[in-house]
Number of protein chains: 4
Amino acid sequence: MGKKIDLNCDMGESFGVYSVGNDEALMALVTSANIACGAHAGDPLVMDRTVRLAARHGVSIGAHPGFPDLAGFGRRAMQLTPAEIENTVLYQVGALAAFARSAGAELAHVKPHGALYNMTARDIEVAQAIVHGITRADKDLIVVGLAGSVMIEAAQAAGMRVACEGFADRAYEADGSLRSRKLEGALIHDPETAAERAVRIARDGVVTAYTGEEIPLQVDTLCVHGDTPGAVEIVTAIRRRLEEAGVEVAPMNSFI
Amino acid sequence: MGKKIDLNCDMGESFGVYSVGNDEALMALVTSANIACGAHAGDPLVMDRTVRLAARHGVSIGAHPGFPDLAGFGRRAMQLTPAEIENTVLYQVGALAAFARSAGAELAHVKPHGALYNMTARDIEVAQAIVHGITRADKDLIVVGLAGSVMIEAAQAAGMRVACEGFADRAYEADGSLRSRKLEGALIHDPETAAERAVRIARDGVVTAYTGEEIPLQVDTLCVHGDTPGAVEIVTAIRRRLEEAGVEVAPMNSFI
Amino acid sequence: MGKKIDLNCDMGESFGVYSVGNDEALMALVTSANIACGAHAGDPLVMDRTVRLAARHGVSIGAHPGFPDLAGFGRRAMQLTPAEIENTVLYQVGALAAFARSAGAELAHVKPHGALYNMTARDIEVAQAIVHGITRADKDLIVVGLAGSVMIEAAQAAGMRVACEGFADRAYEADGSLRSRKLEGALIHDPETAAERAVRIARDGVVTAYTGEEIPLQVDTLCVHGDTPGAVEIVTAIRRRLEEAGVEVAPMNSFI
Amino acid sequence: MGKKIDLNCDMGESFGVYSVGNDEALMALVTSANIACGAHAGDPLVMDRTVRLAARHGVSIGAHPGFPDLAGFGRRAMQLTPAEIENTVLYQVGALAAFARSAGAELAHVKPHGALYNMTARDIEVAQAIVHGITRADKDLIVVGLAGSVMIEAAQAAGMRVACEGFADRAYEADGSLRSRKLEGALIHDPETAAERAVRIARDGVVTAYTGEEIPLQVDTLCVHGDTPGAVEIVTAIRRRLEEAGVEVAPMNSFI
């Protein structure tokens, strides 16, 4: 069997009169959509429109739960208790699943958003709370987590399927962690460089760290960003180079 | 077959540190719970607790969607478009259904809350939007609406099961409509009087209007209020008198 | 004394990561800014930035209170009690005034937003509630209301200064009311036509109704829209034509 | 001059239909009220009612800004930037000041709420951001901070008047810090014990630490809690014992 990789992107982050992202163009390029659930972004109309758009493109539909903080777009860490995290995840996943079913589709995966996602790199208590929320919603869902994070451990311990995530447009440290956005060189803006890294990760299972070492990186899905200026160009380049390299780009729920 | 009637009550209307109602005591007395879904009241922790409480008592679990207006407790009319109403209903019902399933129970019915409920007496466009939202969530749900309202028409036209609702502690006008709360005599506070009316409605299918006429009133479920001072006394009296009169008090999903 | 007119525009309607409008460009063209106060749009950082921008341009700073409905951008009518309206207006005006003072400027006027504004055309109870809220905040504020509306009456009855508002890019009916946006021809998109109407209103005190009649229209300020595609072009044209016609474009608080 | 002490209490924390606290009874016993500003609790109607109640009792009116998190009652830490903190404080203080002025009173002090207050014990960046927000609202306001905290330093560095706060019903560690609520013995429930400690703090400037040492504690104001079961009894006991001990209980703005 040849190599397969999923491309996932955050979607449905508009709210009321406020519009962000470029969901129409990106939905034709990615294979999984992480759709905001009305807590950090999104509203019922946006959720409905985005789920239908994904279903039309055969894109795998995922819930993208975040902290209940619209003003901060879920990017500000909040000290919720594990029970609060678990139940807000269940709430958000349950709501999005209803839109998916009503569009004749099925919810396939869950990926936490923003500050909540960042916490799952190392905070096992937060990771377990999220996993419990997902498990309560549906035991067949795929849990998306940063490759090497405690989120992956927590999901596997709970018997859930996991998708290990990597980034083609983010620098990695030699220990396999993501280079902090606060440091120089954290982001890769050139489409061809990002695409080249995508190929190395997907085909060869390695990435070159910021300090030059080649490190192993096994991922099932690559995150692409929809809200940056050259988003469409980067994703187009990544997709083309992956296909040229013989890597099949496919929805995560088709091969995990 | 003997007469059967359901007793429904709004539940789960606490929020964060704020506590209202007397769900613990009332859950032992009613047969259906309309549980707030986080829009006009309720939050994920409250929803979880309330759904489990209902499941423990064998009480039929219903979603109680309302306008997204916590400050107004869903009691202030808002001019949402039909699409906004339909999708916020789907959102709220979907979220609550996830809690029900995770508690090993099933969502059985949906009853709109507050100003949204009031609109369904006569506004067919609002009623249809709500029914569409419910239908998209699950075609097997029971739609609870005021007896004689356009909500009942809209739900039946959509092929949904309906529960016609009446009130033992509200006065009726001669045309079968509820007497406005702004008018004198709209509310009945005496437990025995309310209980007497409950029996007349449930057993005989009639109620005495404010102006003295005896009018027909066919209902499947009686609404009891949980947030009034003598709530437990009134519901206790209603339940006792119904059983003394040979009316079986049972969850709506057992006989509709 | 020559003719004077103010040009006002809604500003500061971004929220969190969500950005709308073109405040930077428009602030150089208008003379009064109606700044959102965090209820229908805006947040503390946006308010701060917008107030400073207005102060730098010598633009008259106004509060733009709206219904507390971010999801609906304050465009959905809500049935608040007069006391709720009065106190939310006081709250929002008080908050914005603090930003104005802290920028070394002063709050000059208040104009209600969206559905709240629309209600002030004919609903005297709503208009009075708003005026009470404004009066409690500061008796020296100018109340901006639609020319011919009950808002103007309510403000004058309370002894407040008023600014009668007109629209160069909206059609008027023969009775002086605004033509409903739901009807054909309600909006004027051509910059030169709008500018021509602005001159007729400001210099001559007349406007041609949709049905062809020339009707009197006395206004102190013209509303220009900042969120439409050709906004900058329209406002540029209006301002140029007004100045060519000998009408002085000046902040409302300089001549009312 | 004899010893003076202020008694402050959080007030106005009801919201919409949700009611908490016992403001009516406590307002007669305390000398300063910290009034919620609509972010963590409170709404415009509650703010109006609470400000008027304080004014009627001659109680010093303070703003009680908190994190914008109604669901968490401002008790969950949120990672806001200093600019976000500064401007939300200005926003909340500005709004409450408008209610105070409209009631013929004046805003006298500001005390941060919940998680925001807790951060000001040691986080100088947060403390400075809050102080900047207060300073921008009004340079004459008194900043209330935990005795010995960086909040007091930050306020003094900014040239603001400060009120050092202590707790009669909380245990202290030997280093003068508050004993964590998570540890045994953190709270003192007995009214007479709390009152005894109040006298020792106010009259003698000392408190007995949890580990037995007598430590110095200079405070201007004692915080009393309004939301605990025996609140009125505790405050009554504290006030009586203070007066018996010859300590004058007076609003902070009368002696700072």
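Throughout, protein chains are lettered first and strands after them, A, B, ... in sequence-line order, and every chain is numbered starting at 1.
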Worksheet item: Considering the options C:Val89, C:Asn87, C:Leu90, which one meets the side-chain contact (heavy atoms from CB on, under 4.5 Å) requirement together with D:Pro44?
Response: C:Asn87
Worksheet item: Closest approach of D:Gly94 and C:Ala98, non-hydrogen atoms and distance?
Response: CA-CB, 3.6 Å
Fill in: Distance in Å, D:Thr88 OG1 paired with C:Asp48 CG, rounded so as to fall on 0.5 Å steps
12.0 Å
Discussion item. Can you tell me if D:Glu106 has over 12 outside heavy atoms packed within less than 6.0 Å of its CD?
Written reply: no
Fill in: Interface moiety of C:Ala83 toward chain D, non-hydrogen atoms closer than 4.5 Å
both
Fill in: When C:Gly38, C:Cys37, C:Ala95 are compared by non-hydrogen pairs under 4.5 Å with chain D, the top option
C:Ala95
Worksheet item: To the nearest 0.5 Å, what is the distance between OG (C:Ser102) and CD (D:Glu86)?
Response: 8.0 Å
Item to complete: Let me know if C:Arg101 has heavy atoms under 4.5 Å from chain D in its side chain, its backbone, both or neither.
Response: side chain
Discussion item. Tell me whether the rings of D:Tyr91 and C:Phe99 are parallel (<30°), tilted (30 to 60°) or perpendicular (>60°).
Written reply: tilted
